[in-house]
Trainee: 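Can you keep this structure in mind? I'll have questions shortly.
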2 protein chains.
Amino acid sequence: MAAKYVLIAREIRRRIMSKQYPANEPLPDQFALAAEFSTSRMTIQQAMRQLIIEGLVYTRQGQGTFIRKNFHQFSQWDLAGSDYFGATKTWGHKGRVSSVVIRFELRFPTEKEQTSLLINADAPVYDFIRLRLLNDEPMSLDATIMPVNLVPGLSRSHLEGSVFQYLQQTLGLKMMGSYRVVRALKPDVLDMQYLNCQETDPVMEVEQVIYLEDGTPLEYAHCHYRYDHSGIVIVNNG
Amino acid sequence: MAAKYVLIAREIRRRIMSKQYPANEPLPDQFALAAEFSTSRMTIQQAMRQLIIEGLVYTRQGQGTFIRKNFHQFSQWDLAGSDYFGATKTWGHKGRVSSVVIRFELRFPTEKEQTSLLINADAPVYDFIRLRLLNDEPMSLDATIMPVNLVPGLSRSHLEGSVFQYLQQTLGLKMMGSYRVVRALKPDVLDMQYLNCQETDPVMEVEQVIYLEDGTPLEYAHCHYRYDHSGIVIVNNG
DNA sequence: GAGTGGTCTAGACCACACT
DNA sequence: GTGTGGTCTAGACCACTCT
């Protein structure tokens, strides 16, 4: 049973989507909504907080709550499969995703990896590189580092399938969030070989650390995307 | 006078930063904090919500509130001057920023610009391009479209200074947020000319719409950054 | 069972915008 | 002044974790 504020947010979202609320008028005020849903105003506000974060509405003190004029422009973007987080969305065409394992090794971490994963120099890590294909077209090349002690028994076959699924379903690990830096780069040798890049084709690099529920860094990765296959969407509410 | 929950968040932030709270233990529980600050638990929770969004702490039901193990890694990134928004930060070396106006024209909007800015085909727009320098080194090339009716009296001298300052201080406009897409691109002719790019140097493009307080789109821009001068940081809390 | 955060209530007063 | 959202109270019960 979801919390009441989640149900209320869902209902208000549905009404906005189905244009049950006029786009150019403020929503009913919080007192009216509290009465309608037989709840307190605090609960209505918690529902509104959620809709604000989603970019669906915004509030103005003394004026009311308004529907964002072009929220529908946001919804044209799709969540990619491996992208389990909220505020940012990766943009890709739909299709079937598969993986080819380019490298799968065990070694000790570099200094940068030690500080990013908060581990010691003698804590072994997996080091693997995967080419990710969308409908058999190369899409991204992901170089990932994971501490062995967090992910016992990782095998090549897991890499060919979904690592995320193995982590979640078999090991019961839960992700908390991520920290990412996005930049443009010249393609390196691997990019040219596997992503079919020319010298002049840039790659988009996402350097990311993904954290578990308890704040432990789980993976440190550099993901390279073909410049013509993806973008990253960032929505920001003042 | 700031709200009480803001003051409490500030004090707890200060304590975490100064290591007054041990990094490996949970914070005092919400009941204790409510007692200490002579307030209700709801107010403590509102303060915590703020610290969670900042990436400083996280909570676990039944366990407590914990300091994120590497929040200090986040704080190494600086907010750029024109980046008035919260969750994403642009990364740049510090220094003096100046602008050179490459183009400054008036015209009617394209279809893409009409839908992005929610204006009609006969609503004139400013179309200007500026080269932005950091310590006299080219950093970014920004192509901006703004509806004339929102920004009366924009002049070349404003472009050489801070457009943002003119909007805020003279016209009293307030920003609400932004919507951005980040991607890597091959440099175009202007990029090569002004950013000193070679054919093989990629650019990072940020396509963005910035909104006013009331949801009106204010500007639609394509900003090109030298690939070796910047990245974009995204923090995400599940 | 004890301790923790998550949700919820039924009010109250404040800050701000409109008229 | 009236109406709106923003904040705050002093409790209550629920869900979850740990022992």
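Naming: A, B, ... by sequence-line order, numbering from 1 per chain.
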Trainee: Taking only N and O in the side chain of T65(A), is any of them less than 4.0 Å away from OP1 or OP2 of dG5(D)?
Mentor: yes
Trainee: Please determine whether a side-chain nitrogen or oxygen atom of Y5(A) lies at a distance below 4.0 Å from atom OP1 or OP2 of dC8(C).
Mentor: no
Trainee: Return no unless some side-chain N or O of Q45(B) is found under 4.0 Å from OP1 or OP2 of dG5(C).
Mentor: no
Trainee: When rounded to the nearest 0.5 angstrom, what is the spacing between CG in L33(A) and OG1 in T43(A)?
Mentor: 12.0 Å
Trainee: Check whether any side-chain nitrogen or oxygen of S40(B) sits under 4.0 Å from OP1 or OP2 of dG11(D), and answer yes or no.
Mentor: no
Trainee: Are any of Q46(B)'s side-chain N or O atoms less than 4.0 Å away from OP1 or OP2 of dT7(D)?
Mentor: yes
Trainee: M42(A) has a side chain; which of dC8(C), dC18(D), dT9(D) sits nearest to it?
Mentor: dT9(D)
Trainee: Checking contacts here: which listed nucleotide (dG5(D), dG5(C), dA17(C)) is nearest the side-chain heavy atoms of Q30(B)?
Mentor: dG5(C)
Trainee: What nucleotide, of dT9(D), dG6(C), dG5(D), holds the atom closest to the side chain of T43(B)?
Mentor: dT9(D)
Trainee: Are the charged groups of R130(A) and D142(A) less than 4.0 angstrom apart, N to O?
Mentor: no
Trainee: By the 4.0 Å heavy-atom rule, please label R41(A) as base, sugar-phosphate, or nothing.
Mentor: base
Trainee: Determine: side-chain N/O of T59(A) to OP1/OP2 of dG6(D), distance under 4.0 Å, yes or no.
Mentor: yes
Trainee: Taking only the side-chain nitrogens and oxygens of K4(A), find out if one of them lies under 4.0 Å from OP1 or OP2 of dT9(C).
Mentor: yes
Trainee: Report yes or no: is there a donor-acceptor pair, N or O only, under 3.5 Å between the side chain of R49(B) and the base of dG6(C)?
Mentor: no
Trainee: The side chain of F31(B) lies closest to which of these nucleotides: dC18(C), dT9(C), dT4(C)?
Mentor: dT4(C)
Trainee: Which of parallel (below 30°), tilted (30 to 60°) and perpendicular (above 60°) describes F128(B) and F104(B)?
Mentor: perpendicular
